Amino acid sequence: MIYRVVWTLGAAAAFVGSVVAQESMFEVAPVLSAGEILRPEIARGSLHQVRDAVPTEGGVNRYVIDSEFGPFTAHGNALLLERVREIYAIARLREVSKGSEYAEAVKRAAKTPIDLARNLVNDPVDTVKSVPQGLWKFVNRAGQGVKEATRRRETSDYEDNRAASLLGVSKLKREWAAELNVDPYSTNETLQRELDSVAWTSFAGKATVSALTMGLSGGVAIAATSVSFADAANGAIRDLAPLDLRLANEGRLKKMGLSAELINRFLDHPAFSPMTQTKLVFALEQMGKVKGRADFVRLAVEESKGEQD
């Protein structure tokens with residue numbers, strides 16, 4: 001019995017030693033240094049600093065960016081550049097909201113019934129109770145327009161609510177995003193709150209982007225503006241609502257010879273925001289009649305689980 005126990009313990013020790021030896025054969029994911037792998041202006045700026053320790057997960061760098069608006073994470077170099085730009089865009093939007101023109105726009109906005117639509121989205125029960133009878137004609141017309149505009153598709157998490165889209169607030173939001181070189185469909189919640197606030201005030205207060213930015217100090221510069229996209233793609237993202245943008249992208253993909261089934265899978269994929277889809281479509285279009293574009297889209301659809309992919 002003693003010999004059996006000793007043999008069992010010895011076999012177990014040999015097995016553990018074998019596992020450890022096998023594990024030592026695999027390379028441990030490295031932790032990189034932001035100061036060594038990033039350009040200085042990306043690693044640190046007047047409003048941000050990338051933490052020096054950069055762990056890698058599945059071959060993708062994971063960054064943490066500290067700022068006065070809180071920390072932001074970015075999986076991969078492309079998202080890092082987006083997040084850095086967004087930090088400076090947030091600062092610019094807050095600077096706009098402190099300007100005299102913005103204050104006047106807020107006063108004008110308070111005198112319009114447009115806040116009704118906003119409140120219907122945020123607090124529908126109490127808003128319905130407080131709506132004067134004469135405004136229901138406006139509300140019903142808005143509701144019918146929303147129904148018609150969204151008949152063909154489901155909206156994605158990247159898009160604004162339907163009231164904002166119908167009223168034209170989303171168009172102003174896209175104009176602000178274009179002015180600041182950021183994605184209007186970003187998953188950055190802090191950026192979205194600032195864009196929404198300024199866009200609603202711009203719309204209800206009848207103030208243009210140029211009017212609200214005129215006379216500001218310009219002290220907040222947008223970082224990493226050298227990383228921009230094709231003018232045509234940017235123009236489409238700024239000028240077209242998500243449904244129209246989808247139809248335009250669908251038409252371009254059809255001309256490339258992609259099947260309707262693959263196009264729908266790509267355009268319906270939750271990992272791709274309307275902006276990301278448009279950038280990909282325009283990039284593929286600029287490549288001309290090369291082989292493999294359908295294979296690229298199919299790979300993107302099958303392998304992408306989230307925006308970092």
Side-chain angles (χ1 to χ4, degrees), residues 60 63 65 72-90 93 149-150 152-166 169-196 198-199 222 224-225 227-253 258 262-286 296-309:
V60 177
Y63 300 97
I65 314 120
F72 298 90
T73 60
H75 293 267
N77 296 340
L79 272 180
L80 170 64
L81 295 177
E82 285 192 26
R83 293 294 178 259
V84 170
R85 282 198 303 274
E86 289 171 351
I87 288 170
Y88 289 81
I90 292 167
L93 288 166
T150 59
R152 290 189 55 187
R153 69 192 179 101
E154 293 292 328
T155 57
S156 72
D157 292 338
Y158 295 97
E159 298 173 36
D160 290 331
N161 62 63
R162 294 174 176 180
S165 179
L166 175 75
V169 179
S170 292
K171 185 176 189 303
L172 269 169
K173 181 177 176 179
R174 296 195 302 272
E175 290 179 6
W176 276 106
E179 172 76 11
L180 301 171
N181 193 25
V182 293
D183 184 354
Y185 307 104
S186 171
T187 55
N188 185 331
E189 294 182 0
T190 305
L191 173 68
Q192 288 292 345
R193 284 196 300 270
E194 298 296 330
L195 280 173
D196 285 338
V198 172
I222 305 300
T225 52
V227 183
S228 60
F229 311 114
D231 289 341
N234 279 339
I237 293 163
R238 180 194 63 227
D239 298 333
L240 298 178
L243 175 59
D244 297 324
L245 197 59
R246 177 192 174 100
L247 294 174
N249 288 333
E250 181 180 357
R252 288 186 168 89
L253 291 170
L258 274 67
L262 180 57
I263 292 172
N264 286 329
R265 287 177 63 197
F266 172 64
L267 295 178
D268 290 337
H269 201 293
F272 303 109
S273 75
M275 183 171 185
T276 303
Q277 290 173 344
T278 303
K279 288 190 295 181
L280 282 171
V281 169
F282 272 77
L284 290 170
E285 186 179 55
Q286 290 174 2
F296 176 87
V297 173
R298 185 174 294 106
L299 182 67
V301 168
E302 293 174 354
E303 297 299 324
S304 298
K305 308 301 180 185
E307 65 176 342
Q308 67 272 12
D309 297 328

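It should be emphasised that the depicted structure is a prediction, and the values quoted were computed from it without experimental measurement.
Under a 3.5 Å cut-off, the side chain of Thr276 and the backbone N or O of Phe272 do not form any donor-acceptor pair. Side-chain atoms of Asp309 come within 3.5 Å of backbone atoms of Lys305 as a donor-acceptor pair (strictly under, hydrogens ignored). Judged by distance alone, with hydrogens and angles left aside, the side-chain atoms of His269 form a donor-acceptor pair with the main-chain N or O of Val301 at under 3.5 Å. Not a single donor-acceptor pair under 3.5 Å links the side chain of Arg83 to the backbone N or O of Ile65.
How far CG of Leu284 is from CZ of Arg252: 12.0 Å, rounded to the nearest 0.5 Å.
Applying the side-chain hydrogen bond (donor to acceptor under 3.5 Å, both in side chains) rule to Asn77 yields the partners Tyr63; only residues at least two apart in sequence or on another chain are considered. For Glu194, the side-chain hydrogen bond (donor to acceptor under 3.5 Å, both in side chains) test picks out Arg94, with sequence neighbours left out. Asn264 is linked by a side chain to side chain contact (heavy atoms under 4.5 Å, CB included) to Arg246, Asp268, counting only residues two or more places apart in sequence or in another chain.
Counted by atom type alone, Glu307 and Thr187 present one or more donor-acceptor pairs between their side chains at under 3.5 Å. Side-chain polar atoms of Gln277 and Asn249 form no donor-acceptor pair below 3.5 angstrom.
Counting heavy-atom neighbours within 6.0 Å of Glu302 CD, excluding the residue itself, gives a total above 12.
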CA sep, side-chain torsions, deciding dist, call: Glu86, Ser186, side-chain hydrogen bond (donor to acceptor under 3.5 Å, both in side chains): CA-CA 9 Å; Glu86 289 171 351; Ser186 171; 2.7 Å; yes
